[in-house]
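Report on the following structure.
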Amino acid sequence: MKPQSCVNINKEWDIVGARQLGRDIAKKIGFGTVDQARIATAISELARNIYLYADHGQICFEIIDNMEHKGICMVAIDVGPGIEDIGQVMEDGYSTSGGLGAGLPGVKRLMDEFDLQSEVEKGTRVKAIKWVR
Amino acid sequence: MKPQSCVNINKEWDIVGARQLGRDIAKKIGFGTVDQARIATAISELARNIYLYADHGQICFEIIDNMEHKGICMVAIDVGPGIEDIGQVMEDGYSTSGGLGAGLPGVKRLMDEFDLQSEVEKGTRVKAIKWVR
Amino acid sequence: MDDILKLDAETYKELMKRYMETRDEQSLYEVEQASKSFIQNNILPDEIVNMHIQALEELYPSLSEDIQYSMNFLLEAMIAYGIAHQEYQTLREKQSELKSEISVAASMQETLLGTTKPDIEGIDIGIISVPAHQMNGDYHHFIKGRDGSLGIAMADVIGKGIPAALCMSMIKYSMDSYPEDVMSPKAILNSLNRVVERNVDPSMFITMFYAQYLPSEHKLRYASAGHEPGYYYNAANDTFEEIETKGLVLGVTPDTAYPEYEMDINKDDMVIMLTDGVTECRDGDRFIESEEVLEVIRYYAHLPAQEMVNQVFKHFERLQEFELRDDFTLLIIRREV
Amino acid sequence: MDDILKLDAETYKELMKRYMETRDEQSLYEVEQASKSFIQNNILPDEIVNMHIQALEELYPSLSEDIQYSMNFLLEAMIAYGIAHQEYQTLREKQSELKSEISVAASMQETLLGTTKPDIEGIDIGIISVPAHQMNGDYHHFIKGRDGSLGIAMADVIGKGIPAALCMSMIKYSMDSYPEDVMSPKAILNSLNRVVERNVDPSMFITMFYAQYLPSEHKLRYASAGHEPGYYYNAANDTFEEIETKGLVLGVTPDTAYPEYEMDINKDDMVIMLTDGVTECRDGDRFIESEEVLEVIRYYAHLPAQEMVNQVFKHFERLQEFELRDDFTLLIIRREV
Ligand SMILES: [Mn+2]
Ligand SMILES: [Mn+2]
Ligand SMILES: [Mn+2]
Ligand SMILES: [Mn+2]
């Protein structure tokens, strides 16, 4: 695996930076146009969650390149308030209803693999991978 | 009300003719681009039903132009087998599930007013109106 | 899935190419048909925009950079619609599962709470009960007594659907333990009233009408707990009369008394019992008048009782454009000899 | 609505204009945010394409006719997605209504079929029952006998959700009429077996475990109808043993005999009753072993019985990532004195 590239998320502007970095990496890996847009949107959602709900956090990208497939891996980490009811947050309706707008079900749909760990008052870690088709 | 223009539906090609006529009338009335496309799709659905399920039929158009509003009125008539279970045919899911493909709920959504009368072994009459916004 | 995508991208490009050449309505018709098949193949709306971009690139390689960028902008705007479209698919599956579960429950309700129309000499019985949703909140029950008498219960839980059906099971199972053929209508209502009062949420009301027909005496004995009034058809005078009763809905206070009534049933007379799903039909914005129900019954009165109730139902089903507002239960008994 | 459309069309155009000038990621971020708000304002995907067409016309009036026609082609392809998007909205409303109806029913089920944990001297009782869906297909019931005995029923309908809950009401109301404190466990199962056999679809099975604890003799008398085996904790040896029983599930044949068993309960011993929703938990792809349940119980054994069952539930809830596969019912009784 190649080394990580990380973006600190402190201000709303950093969301744009994370998108840009992610899109560039995706382009380099060989993702098509629509997948690049999907990856950028997923990054946007994760970065926005950090910006809105945690004080600060980080999104790191890794290129996965092995025998079987190539892909992009993104990990969003924060030491924010954590998610109390993971079941509810992952319930559909959160994506487009504009409820709390966390949009994690949407990220799960945009990417191929999705993992969420969170502990109240400790923080949250979301990992998502998308494979080149 | 201006006089009616009708198109006989016997062959699949007549569906295209009905669309064309309807679109031209819609353009003349002053409908915007997206509404023209919606009207054409509604006509397509009604004409297709006649083509697929009845021997032959007719779609007639009328321009409605009164004090309050302007609009297009389309009436699709056939003396086909009629619809046995109107409740079921109008139940959502018929539009995009590709079930029997009648698509009448879709027509109801594309247009502003919708009326359906049908009698088994007598025929079917669908009337739909769309108003200029 | 990728193969379907490639095929559809090709299709889209070919159709667009034809349209660019002919600019005719047929191409638009064809892409409309194609889009229906795209949806059935679960192709998302942002994928369509992407197909458009690819097609433009292949057909117009020298396309201005501006247009390319503008298309990428549109693509970005569509991603959220792609997510929504996927949620739609998931929701349809969930809905389908849920409806299936309710179907099973409705069918079980039929098994558990169902009743058979008995054969009683000299009487013609017609009964129809159709739920507004999948589960019926109206309940009816026949019992043929050892003495040849006919007991008929009809109840309506205020409300519809699953909660009402659940409540109804309580009525049924309570009644299961009553020796109905030796209890009087008012005693039955009394007993049920206490059961409901003990068990049920104060906001839940159940109306009930209990009647016993004694064929040897040609008498109908009945009591009502706030139920929709039934009707009596007097064959001799060819008139309908409302069966007036007093009696509180079930479950309000434990000590309510239920007045009991009696009437003679002559040859060709009819007794009509129903729930408010019949009398509160709507014709567009207008509620129907109870006279209308009687008119329709009169219209079909020449038919056997079962066909009568079936036709009356169909009439009101059509009137309400096939969307029942409340559970519809109608029972007609005619004395034949 | 039209005003929102105009506002959003303006917004779209401005954002696109900015993007065409800067070609930067920020504009793409902004249109992504805008698209979320479009969706919330019920703007359809074909309307977005239309906004794009309008914006192009206004910003690039000399746009090649070819491009204009290609955009009209894309628009036509999107109409079907617009219909699908509207269906999605409707479906979300229907789903919401349906879930609400089931909520009411679930709450009514709690009222109608609920039971209170009794206070029995010298025993600490903990009970938890959580449905996998909204309606519970597991049933439990406590009865405190006139002689101070404790009767405990636990049942599980094969299946989940609404049908199972409906079936359960039949069990409850049948039992309501039994003089439980004078009937033995095997007599109760016998009676219920006949009720179920008479009433229920052959495909429906109900398992049940009935136990009576007699505090004066410190004896537990029990019988099982194919129910998930419970466990006995022997305080003296600090060991758990499975409570082995024989007995067919309810409803198969009307004449099944149910063996009855008896065991002594010493000070600090525990009796654990549960449904298979506990023992058939899954950790990812792997089914748990029944030893794991006992381990977790042991881990919390220092707590009062109610807290014990609560913690055990939370443990398995987390393990299954907050998605129960089956209704989860766990009861623990500990003899304290
Ligand atoms: Mn009702
Ligand atoms: Mn009613
Ligand atoms: Mn079960
Ligand atoms: Mn179970």
Side-chain angles (χ1 to χ4, degrees), chain B residues 15-16 18-20 22-24 26-27 30-49 68-72 74 87-114 126 128 130-133, chain D residues 1-10 12-13 38-39 41-61 63 65-98:
Chain B
I15 301 174
V16 181
R19 288 179 59 117
Q20 186 71 72
R23 191 190 292 269
D24 292 340
K27 214 177 294 191
F31 280 100
T33 335
V34 67
D35 280 341
Q36 287 175 39
R38 288 176 177 148
I39 288 165
T41 302
I43 296 166
S44 209
E45 204 63 63
L46 296 178
R48 222 172 134 71
N49 281 350
E68 300 166 46
H69 41 208
K70 278 165 78 165
I72 185 172
M74 61 183 77
Q88 177 156 43
V89 154
M90 285 312 293
E91 218 176 272
D92 257 340
Y94 258 71
S95 203
T96 49
S97 66
L100 292 184
L104 288 172
V107 175
K108 194 170 178 180
R109 291 188 187 286
L110 291 166
M111 308 294 280
D112 296 321
E113 291 177 36
F114 180 89
V126 185
K130 195 165 182 70
W131 303 112
V132 179
R133 284 190 270 170
Chain D
M1 181 60 170
D2 284 346
D3 292 335
I4 293 176
L5 271 179
K6 287 206 196 88
L7 186 67
D8 289 312
E10 266 305 302
Y12 187 88
K13 189 183 79 180
F38 291 162
I39 288 183
N41 285 328
N42 294 327
I43 294 179
L44 307 178
D46 45 343
E47 196 61 59
I48 303 293
V49 174
N50 191 41
M51 283 186 199
H52 192 84
I53 292 174
Q54 311 287 22
L56 281 180
E57 276 178 19
E58 288 176 47
L59 297 173
Y60 299 88
L63 192 60
E65 229 192 17
D66 269 351
I67 301 305
Q68 285 178 32
Y69 270 91
S70 89
M71 292 307 299
N72 287 347
F73 184 78
L74 174 62
L75 179 63
E76 203 82 21
M78 275 300 180
I79 301 290
Y81 285 88
I83 297 176
H85 195 85
Q86 281 182 289
E87 287 173 2
Y88 174 47
Q89 318 275 46
T90 303
L91 204 61
R92 283 176 67 187
E93 282 158 35
K94 273 198 196 157
Q95 182 89 326
S96 177
E97 279 171 25
L98 213 52

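Here is the naming used below: chain letters follow the sequence lines, and residue numbers restart at 1 for every chain. Because the structure is predicted, anything quoted here is derived from the model rather than measured.
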(request) For the pair B:Arg38 and D:Glu47, find out whether any cationic side-chain nitrogen is under 4.0 Å from an anionic carboxylate oxygen. (result) yes

(message) Strictly less than 4.5 Å between heavy atoms, which residues of residues 72-79 of chain D line up against chain B? Please order them by number.
(response) D:Asn72, D:Leu75, D:Glu76, D:Ile79

(message) Are there over 12 heavy-atom neighbours, none belonging to B:Lys130, within less than 6.0 Å of that residue's NZ?
(response) yes

(message) In terms of relative ring orientation, are B:His69 and B:Trp131 parallel, tilted or perpendicular, with 30° and 60° separating the classes?
(response) parallel

(message) Quick check against the 3.5 Å criterion: does B:Gln36 have a side-chain atom that pairs as donor or acceptor with the backbone of B:Arg23?
(response) no

(request) List in chain and number order the residues that pass side-chain hydrogen bond (donor to acceptor under 3.5 Å, both in side chains) with D:Glu58, two or more places apart in sequence or in another chain; answer none if no residue qualifies. (result) D:Lys13

(request) Hey, could you give me the CD1/CG distance between B:Ile72 and B:Asp112, rounded to the nearest 0.5 Å? (result) 12.0 Å

